[in-house]
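Below is one structure, written out as structure tokens; comments come after it.
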Amino acid sequence: MQRTRGTYMLILTLTAGLLVFSFVTSAGDLGSFGTTLLSGLFLGALYFLVASGLSIIFGLMDILNFAQGAYFMIGAYVTYSLFHMDALKGIDVNLRFPLGVLAGTIIGGLLGAVLERGLLRPLYARPIFQLVLTFGVAIVFGEALKAIWGTEGYGWSTVTSFGIHQSQFEIFGRQFGSYRLFVVAVGVALIVLIGLLLQRTRIGIIIRAGVEDSEMVEALGINVRAVFTMVFTLGCAVAAFGGAIAAPFLGANLGMGNAFLLPAIAVVVLGGLGSYMGTAVGSFMVGLAVAVVARFASEFLNQTVWASITPMLLLILILLLRPSGLFGKESR
Amino acid sequence: MADANNVLEVQEIHTFIGQFHILEGVTVTVSRGSITVLLGRNGAGKTTTLKSIMGLTPPSQGSIVLEGQSLMGRRSFTIAQMGVGYVPEHRAIFRDLTVRENLAIVQRKRDDLERRADFIFGLFPDLKRFYNLPGGNLSGGQQQMLAVARALVPENRLLLIDEPSEGLAPVIIESLIEAIRRLSAQTTVLLVEQNFRVASILADRYVIIDDGRSVVSGQMQDLVQDEALVQRYLGVA
């Protein structure tokens with residue numbers, strides 16, 4: 001109980017510290033402060049979409065899936081291509097985007113199932129081989145995307161469904177894209193949905209039990225390998241979904257996989273390996289930290305590298321204070 | 001030749017863990033409605049025998065037959081679905097799951113828990129009181145009761161119970177003995193027990209395992225009388 005209270009105090013202190021730092025360095029410009037805060041939430045939502053799958057997969061299967069960023073990329077490329085494909089231009093624009101997101105998510109999920117069933121399953125007894133394999137698969141996916149779409153990145157060039165991509169709203173005199181708020185809302189909805197899945201359904205109970213002791217779950221009559229496949233597929237599909245809904249804002253490019261994978265790994269570790277709560281909280285903490293540092297570094301230091309290394313700096317800080325992460329088990 | 005009265009017939013199984021040859025010929029027969037106990041010193045191979053039956057450390061040779069169906073080569077979830085309940089040593093309950101979730105996870109049919117609730121909570125009334133508490137918040141004795149209760153949710157043909165009295169206070173052991181005796185009226189039990197007193201109270205039959213081999217078996221009441229045998233294999237006076 002005391003540890004939990006300490007964890008919440010630490011989260012509150014770090015978050016408050018970031019907000020105060022952001023407010024002070026904004027020199028009282030509420031518009032700048034507000035947009036930084038919203039940018040943090042936007043990044044946090046996207047980090048969550050990559051990190052949630054990573055966390056559940058690691059918790060249940062002890063696999064750190066280095067290909068998770070590649071699935072994010074696949075979701076973005078598939079959605080971008082379908083939305084901009086000439087042959088599909090006849091489809092109503094309000095329908096074309098959701099269809100693109102659905103297709104990107106399904107393709108990501110299917111590729112996840114293929115990776116788990118075809119390549120990872122024979123290597124369950126060899127965790128190091130699995131690690132290297134997912135790393136290799138990430139490279140293969142990257143090269144495949146390069147072969148199909150080339151090395152040039154794509155920016156979203158046309159209207160999205162319901163005009164949400166183009167609309168702006170004002171916060172303390174500054175304009176902020178409604179689409180980013182939409183992504184935050186989707187991220188929060190996913191947090192709730194996955195949380196409900198884990199807490200309220202039988203498969204959720206099985207997954208949480210499997211995170212504790214998958215051998216015992218199998219000995220109770222549950223086909224754990226089938227659960228592994230389902231969870232891996234779901235984790236990859238959620239990452240691809242993240243890429244798909246990020247595409248109207250970020251476009252599709254070969255750097256976006258790693259750009260989101262590394263912060264997501266930091267999120268999973270600092271949140272506590274295998275802890276869903278830790279992943280959700282950690283995502284928004286990292287998102288906020290990156291947004292605050294990015295604004296400060298671009299305004300005062302003229303060096304954007306600080307934003308890129310912020311997730312790792314926050315990770316180091318939290319591990320120094322909580323060696324097993326915010327919500328991690330002491331024994332892990 | 002299989003005996004219809006036997007629920008389980010384990011014949012000359014050999015099990016390796018890594019490069020170590022742990023079981024070098026274990027034979028165990030468990031007759032319907034009985035409690036059979038595996039006895040032996042620490043490291044003799046008792047737990048590995050249960051794990052081999054359960055498919056967790058699959059044997060490389062020999063045969064394991066559950067009411068006429070071979071368990072060899074089957075994965076543990078299939079063995080569990082065939083009606084073998086397993087209560088491992090050190091309980092292995094899910095600490096982050098509530099008591100209800102620990103029990104519900106084993107349901108094969110949607111209403112298994114509901115149907116068996118009276119029987120389970122009749123045996124272990126504490127579990128009803130702590131139904132919505134995480135398993136990790138229970139005492140050692142309550143966790144052991146939860147582990148046994150979990151194996152009772154489906155109507156299993158055979159229960160494998162590993163060291164149920166380990167680390168428990170005497171008063172808890174007494175209530176556990178009573179519970180196992182009552183549950184054995186509904187299902188057959190194969191028990192591993194280091195506590196000879198507990199084993200002698202509960203078991204109808206025994207099998208002594210020594211250095212990975214089953215060496216003696218018989219009626220428990222005969223073993224209790226045979227001090228020399230007990231001293232030789234179990235080191236108990």
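Within every chain, numbering begins at 1; the chains are lettered A, B, ... in the order of the sequence lines, protein sequences first and strands thereafter.
When the shell of 6.0 Å around CZ of B:Arg115 is examined, it contains more than 12 heavy atoms from other residues, nucleotides or ligands. Under a cut-off of 6.0 angstrom, the local environment of CD in B:Gln69 is crowded, with over 12 non-hydrogen atoms contributed by other residues, nucleotides or ligands. Counting heavy-atom neighbours within 6.0 Å of A:Leu320 CG, excluding the residue itself, gives a total above 12. Counting heavy atoms of neighbouring residues, nucleotides and ligands inside a 6.0 Å radius, atom OH of B:Tyr131 exceeds 12 of them. The neighbour count for A:Tyr124 OH, taken as heavy atoms of other residues, nucleotides or ligands under 6.0 Å away, is above 12.
Proximity to chain A at a heavy-atom threshold of 4.5 Å picks out B:Pro88, B:Ala92, B:Ile93, B:Phe94, B:Arg95, B:Asp96, B:Leu97, B:Glu101, B:Ala104 from residues 88-104 of chain B, in numerical order. Residues of residues 223-237 of chain A having a heavy atom under 4.5 Å from any heavy atom of chain B, listed by number: A:Asn223, A:Val224, A:Arg225.
For B:Gln81 against A:Gly221, the heavy-atom pair with the smallest separation is NE2-O, 2.9 Å. Nearest heavy atom pair, residue B:Ile105 against residue A:Leu220, reads CG2-CD1, 4.1 Å. The two atoms that bring B:Ser76 and A:Ala219 nearest to each other are OG-N, 3.9 Å, heavy atoms only.
Rounded to the nearest 0.5 angstrom, A:Met216 CE and B:Arg150 CZ are separated by 4.0 Å.
Only the side chain of A:Arg202 comes within contact range of chain B, judged by heavy atoms closer than 4.5 Å.
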